[in-house]
Amino acid sequence: MGVPDSERHRWLRAIWLHDALRDAPATVLEEWASSSPGPPELRHGPASAARARAEGETDRGVLDAVRYHSFGLAEWDMVGRILYCADFLEPGRSFKREWRAELAARLPLEPGSVLREVARSRLLHIIESGWPLPEPTARFWNSLVATGAASR
Ligand SMILES: [Fe+2]
């Protein structure tokens, strides 16, 4: 995408850090994310961000990217947006492989459009599963709608 090295390094830090505590036991998630209730799938981002901060990560954009990578965040800069897309588009996931590969190929050229399609798919999955929509996720979607970005 031709981003400067300094920005690329922020993206890479977020990608390396975001699932640091994904497989951690419940006691560790409680230690690092005591104020973030919910199942491990929703706690490992806040826990990983807290741990990264304790270990010296100071970049607010990187920390917000890690903390909210399962939710989305209206205030994200490009680090959070890229991590949110990369996490969904990584080829190791088994669902909708062709469609996701197409999105991954488009991402460098149309990051905003791909972000909207990723967000739409992730939100539809939450809704179709009958799960409650987390407040940051609703605000994230509304921020895309507000800019006219969520329309097809
Ligand atoms: Fe994760």
Side-chain angles (χ1 to χ4, degrees), residues 1 3 7-108 111-144 149-150:
M1 293 177 71
V3 297
E7 181 69 1
R8 190 169 64 86
H9 291 152
R10 297 178 73 225
W11 298 6
L12 289 172
R13 292 208 305 282
I15 288 165
W16 285 325
L17 294 167
H18 78 286
D19 275 343
L21 296 180
R22 185 187 62 190
D23 302 320
T27 52
V28 173
L29 293 177
E30 176 63 26
E31 176 187 346
W32 289 103
S34 59
S35 63
S36 300
E41 309 86 69
L42 297 181
R43 299 188 84 184
H44 74 278
S48 297
R51 175 79 186 269
R53 186 173 183 177
E55 302 259 343
E57 177 58 64
T58 58
D59 187 308
R60 174 68 185 269
V62 171
L63 293 171
D64 278 349
V66 173
R67 179 175 181 82
Y68 290 99
H69 79 266
S70 303
F71 297 96
L73 183 69
E75 293 81 10
W76 265 342
D77 63 14
M78 278 303 285
V79 187
R81 292 164 187 261
I82 289 295
L83 174 61
Y84 185 81
C85 289
D87 198 19
F88 182 80
L89 298 176
E90 65 110 335
R93 299 187 186 277
S94 60
F95 65 97
K96 297 183 180 175
R97 284 195 173 176
E98 271 187 38
W99 176 68
R100 290 184 309 102
E102 288 170 20
L103 288 180
R106 282 177 43 212
L107 181 64
S113 169
V114 170
L115 173 65
R116 294 188 295 276
E117 292 189 50
V118 169
R120 180 189 301 274
S121 180
R122 290 180 67 156
L123 266 75
L124 282 172
H125 177 68
I126 294 171
I127 292 165
E128 287 167 359
S129 298
W131 297 328
L133 204 55
E135 189 270 342
T137 306
R139 282 198 313 110
F140 175 55
W141 179 253
N142 289 344
S143 74
L144 297 178

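The basis for the numbers below is simple: all heavy atoms, side chains too, and nothing from hydrogens, waters or symmetry mates. Whatever order the structure lists ligands and atoms in, that order sets their numbers, starting from 1. What you are looking at is a predicted structure, and each value in this text was computed from that prediction instead of being measured.
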May I ask you to check if R122 and F140 form a cation-pi contact, with NZ or CZ under 6.0 angstrom from the six-membered ring centre and within 45° of the axis?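 Here R122 fails the 6.0 Å and 45° test against F140.
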
Tell me whether R100 forms a cation-pi arrangement with F95, defined as NZ or CZ under 6.0 Å from the six-membered ring centre and within 45 degrees of its axis.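 Yes, cation above the ring, under 6.0 Å and within 45°.
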
Metal site angle (apex the Fe ion (ligand 1)), NE2 from H44 and OD1 from D19, 10 degrees: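 An angle of 80° at the metal.
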
For the pair E117 and L103, evaluate side chain to side chain contact (heavy atoms under 4.5 Å, CB included) and give the outcome as yes or no after the intermediate values. CA-CA 8 Å; E117 292 189 50; L103 288 180; 3.5 Å; yes

Any carboxylate oxygen within less than 4.0 angstrom of a Lys/Arg side-chain nitrogen, looking at E135 and R139?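 The answer is yes: the pair qualifies as a salt bridge.
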
Counting backbone and side chain alike, does H18 bring an N/O/S atom below 2.8 Å of the Fe ion (ligand 1)?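 It does not; every qualifying atom lies at 2.8 Å or beyond.
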
For the Fe ion (ligand 1), find the closest N/O/S atom belonging to H69 and write down its atom name.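 Answer by atom name: NE2.
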
